[in-house]
Trainee: 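Below is a structure I'd like to ask you about.
Sequence lines set the chain letters: A, B, ... in the order given, protein chains first and strands last, and positions in each chain run from 1.
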Amino acid sequence: MEFTHPEVLKIEKLSKVYGVGNIEVRAVDHVDLIASGGEIILIMGPSGSGKTTLITIAGALLKPTSGSVYIDGQNIVTLPERERIWLRRNKIGFVFQAFNLLSNLTTSENVFIPLGLSGINRSLARKKVDGLLEEFDLGNRASFTPEKLSGGEKQRVSIARALVNDPKLILADEPTANLDSQRGREVMRLLRSVAKNMGKTVIIVSHDQRLMEIADRVLWMEDGRIKAFENLEADPNCGASVEVRSSTPKLDYRGKKYFFCSKDCKSEYVQKNKIPASYF
Amino acid sequence: MISIALRNLFGEKTRFVISIGGVAFSVMLILTIVSLFRGWQIRSTQYIRDIDTDIYVTQNGSSDITSSASIIPIEIKSQIENIDGVTEVNRFIGRPLQFQIKDRDVNAYLVGYDTKKKIAGPTKIIKGKAEPGKDEIVLDKVLMTTNKLAINEYIEIFDRPFKIVGIAEGANMFVFQFSFINQEEAKEIFKMDSLATFLLVKTQKDKIQSVIDEVNKIDGLEAMDKAEFVERNKRILNEVFIPIISVLVIISILVGTAVIGLTIYTATVEKAREFGVLKALGASNMQIYRIIFEQSLVSGVIGYIVGVAATYFFLWLIPIYVPVFVTVTLLEDLAWVFGVSILMSVISSYTPVRRIVRIDPALVFNSTR
Ligand SMILES: Nc1ncnc2c1ncn2[C@@H]1O[C@H](COP(=O)(O)OP(=O)(O)OP(=O)(O)O)[C@@H](O)[C@H]1O
Ligand SMILES: [Mg+2]
């Protein structure tokens with residue numbers, strides 16, 4: 001099935017409900033999303049908004065309550081487990097906040113894992129692994145175990161591992177969260193090149209504002225729903241993201257527009273900054 | 001494929017050593033017990049195998065030498081001599097006997113050795129002479145060492161003093177050892193002047209079976225070839241010891257299985273997250289089972305090798321400190337104990353595998369660690 005679908009990832013009316021009754025949590029709520037080859041999408045949002053749940057479902061690691069996820073045109077939600085395993089191995093690459101390298105394996109062995117699971121010819125596999133390590137500037141770390149690697153190196157190894165089976169889709173959850181700013185930047189550049197030079201679709205879920213620099217699109221997730229980031233503004237009083245609608249409390253002050261999450265926040269802000277009544 | 005199993009095994013040295021040790025210990029226990037049993041089985045029948053005879057004739061139902069029940073009237077000897085194919089019939093006198101050496105009870109099998117015809121004498125003499133004269137005795141090495149006796153010392157049997165004139169080896173029945181006095185004297189002290197314990201019949205080469213058939217026609221007698229006689233005496237020993245040995249072997253297997261099982265299980269629990277990662281990366285349950293199974297299998301095989309090495313060393317030490325023990329390690333025993341080690345591996349990977357099935361690969365996104 002070497003037919004390439006322009007929509008590498010398509011999510012339709014996806015919902016995930018944890019628990020029932022009183023403890024019911026709607027972690028993902030009617031989410032729609034389309035991502036094509038070579039695109040980097042950043043999904044941001046507060047803690048508990050359902051970001052991880054969303055990419056766990058997109059990565060065929062969790063079944064949704066309702067809705068569909070198409071990878072390369074194939075609805076993965078209805079697939080039997082065997083094929084979901086195959087899909088994870090061949091079509092999806094994962095990058096984690098915690099790196100998740102196998103502690104007793106060396107760098108090159110960690111990168112080799114997906115190839116080993118596919119049972120690929122040894123010398124071919126070796127070439128692939130060595131090539132990737134060279135490309136990621138990890139050649140001289142090939143025989144190190146993870147404990148001897150820096151955080152940035154670990155994340156580079158995990159990105160190499162995500163890419164080794166040449167998947168179409170890379171799913172990254174907080175890829176920079178455990179890294180200092182310089183290492184975070186390295187990883188960002190790498191993810192960008194993964195999308196732009198290798199043509200992968202990269203979905204990143206993160207709190208990290210810096211990632212906005214490399215994203216083609218930024219989406220905002222809150223209470224399980226996705227909103228375009230362009231329609232959001234930060235409340236200058238409490239810092240919350242506010243969806244800009246006609247009903248939103250707002251303020252025009254010295255040629256600038258301010259949006260508030262509530263009337264209370266607006267009046268607090270006005271009092272604090274001693275803004276004359278004529279402005280509102 | 002690189003072996004994740006081996007990396008995990010060798011990555012945790014202490015646990016690896018414990019798990020190898022567990023298997024090795026149980027392999028050693030099993031092999032030692034079985035080797036002791038084998039040695040004892042072979043050595044305890046050595047004496048009757050070495051006797052120069054084709055057929056053993058016993059009183060009906062009394063082919064067990066450890067019971068003194070077989071008594072045959074000596075007149076029958078000439079009757080058997082007349083059977084076609086018989087070349088020689090000899091009289092065997094012997095019985096199990098308890099007597100005292102230096103105030104200690106000693107169990108021995110006292111043989112009345114026919115020194116004129118040299119029938120049924122000691123298997124091997126390591127010191128002194130093989131043929132006891134009047135008031136002389138040849139004792140087994142084990143009796144000598146355990147009772148700290150020396151040659152030319154005297155011991156008392158039936159209130160008669162006997163001078164130790166020779167030390168025999170290889171006639172060791174574990175619970176009792178063979179000792180030899182002169183047959184003439186044995187007739188007297190056992191009051192067996194006109195009786196024999198067994199009759200030993202030699203025949204022309206191709207007549208063994210026909211002679212056996214003829215003897216069996218005589219009322220109250222039972223005849224069998226040497227192999228059968230040895231087999232019957234072994235069987236009596238087996239009946240007593242095989243249940244005990246089986247229990248010990250089962251305990252050893254349980255101990256070994258528990259030790260590998262526990263170490264593999266803790267290793268698996270500790271690495272649960274990594275197994276989750278493997279699942280997320282597209283490992284099938286089968287592929288993960290294989291890792292766990294390989295881990296226990298390698299522990300099993302290495303443990304077996306270490307265990308066999310330790311057994312050989314231990315078995316080499318035993319006769320130095322406890323001469324009464326003789327050991328024989330048979331290839332077939334090494335083979336089935338290897339099978340047992342593999343079995344222990346298979347069983348011990350069961351629980352960890354059950355645990356792995358329950359690991360949710362979605363946990364890989366948790367940011368812990
Ligand atoms: N296995 C689960 N069982 C029950 N509730 C869950 C489970 N996983 C997540 N949730 C709930 O679903 C909601 C969304 O969680 P999720 O982890 O997707 O958020 P997130 O946006 O990734 O948050 P963070 O930024 O803190 O990582 C939360 O309210 C969480 O408590
Ligand atoms: Mg999260």
Trainee: Taking C-beta and beyond as the side chain, do B/Gln287 and A/Ile85 meet within less than 4.5 Å on heavy atoms?
Mentor: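 The answer is no, as the side chains (C-beta and beyond) never meet within the 4.5 Å cut-off.
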Trainee: Minimum heavy-atom separation for B/Lys271 to A/Ser103, with atom names?
Mentor: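 Taking every non-hydrogen atom into account, NZ-OG, 3.5 Å.
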Trainee: Take atom CG in B/Asn238; do more than 12 heavy atoms of anything else shown fall under 6.0 Å from it?
Mentor: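 Atom CG in B/Asn238 is packed in, count exceeds 12.
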Trainee: To the nearest 0.5 Å, how far apart are CG in B/Asn285 and CD in A/Glu81?
Mentor: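 Answer rounded to 0.5 Å: 8.0 Å.
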Trainee: Can you tell me how far the CD atom of B/Glu274 sits from the CG atom of A/Asn110, to the nearest 0.5 Å?
Mentor: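 Reported to 0.5 Å precision, the distance equals 8.0 Å.
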Trainee: A/Arg82 versus chain B, heavy atoms under 4.5 Å apart: side chain, backbone, both or neither?
Mentor: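 For A/Arg82, no heavy atom lies under 4.5 Å from chain B.
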Trainee: Quick one: of A/Thr53, A/Leu61, A/Asn90, who has the most non-hydrogen atom pairs under 4.5 Å with chain B?
Mentor: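 With the most close heavy-atom pairs to chain B, the winner is A/Leu61.
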Trainee: Please determine whether the number of non-hydrogen atoms from other residues, nucleotides or ligands lying under 6.0 Å from atom NZ of B/Lys141 exceeds 12.
Mentor: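 No, because the 6.0 Å sphere around NZ of B/Lys141 holds 12 heavy atoms or fewer from other groups.
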Trainee: When rounded to the nearest 0.5 angstrom, what distance separates CG in B/Leu6 from CG in A/Asn104?
Mentor: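 Nearest 0.5 Å value for the CG-CG distance: 11.0 Å.
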Trainee: Rounded to the nearest 0.5 Å, what separation is found between the CG atom of B/Leu281 and the CG atom of A/Leu115?
Mentor: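 Between atom CG of B/Leu281 and atom CG of A/Leu115 there are 11.0 Å.
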Trainee: Taking atom CZ of B/Arg354 as the centre, does the number of heavy atoms from other residues, nucleotides or ligands within less than 6.0 Å exceed 12?
Mentor: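 Atom CZ in B/Arg354 is not crowded, with 12 or fewer foreign heavy atoms closer than 6.0 Å.
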Trainee: Count the heavy atoms of every other residue, nucleotide or ligand shown that sit under 6.0 Å from OH of B/Tyr289, and state whether that count exceeds 12.
Mentor: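 Buried by this count: over 12 neighbours within 6.0 Å.
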Trainee: Would you indicate whether A/Phe144, at its atom CZ, is surrounded by more than 12 heavy atoms from other residues, nucleotides or ligands within a distance under 6.0 Å?
Mentor: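 Correct, the count exceeds 12.
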Trainee: Do you know which of A/Leu102, A/Thr145, A/Leu105 makes side chain to side chain contact (heavy atoms under 4.5 Å, CB included) with B/Arg7?
Mentor: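 Single pass found, and it is A/Leu105.
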Trainee: Within a strict 4.5 Å, meaning less than it, do heavy atoms of the A/Phe94 and B/Val364 side chains meet?
Mentor: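 No, every pair of side-chain atoms sits at 4.5 Å or beyond.
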Trainee: Checking the side chain of A/Arg88 only, and the main-chain atoms of B/Lys279 only, is there a donor and an acceptor separated by less than 3.5 Å?
Mentor: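 Present.
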Trainee: Taking atom CD of A/Gln182 as the centre, report whether more than 12 heavy atoms of other residues, nucleotides or ligands fall under 6.0 Å from it.
Mentor: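 Counting other residues, nucleotides and ligands, CD of A/Gln182 stays at 12 neighbours or fewer.
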Trainee: Mind ranking B/Gly276, B/Ser284, B/Gly11, B/Ala280 by heavy-atom pairs under 4.5 Å with chain A and telling me who comes out on top?
Mentor: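 Greatest number of close heavy-atom pairs with chain A: B/Ala280.
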Trainee: Could you check whether atom CZ of A/Arg126 has more than 12 heavy atoms from other residues, nucleotides or ligands sitting under 6.0 Å from it?
Mentor: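 No.
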Trainee: Please look at A/Leu101 and chain B and tell me whether the side chain, the backbone, both or neither of the residue comes under 4.5 angstrom of a heavy atom of that chain.
Mentor: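 The backbone, not the side chain.
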Trainee: Using a cut-off of under 4.5 Å for heavy-atom pairs, which of A/Asp173, A/Val205, A/Asn165, A/Ile57 has the most such pairs with chain B?
Mentor: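 Option with the top pair count is A/Asp173.
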Trainee: Can you tell me if CZ on B/Arg38 sees more than 12 non-hydrogen neighbours from other groups inside 6.0 Å?
Mentor: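 Enclosed: over 12 neighbouring heavy atoms sit under 6.0 Å from CZ of B/Arg38.
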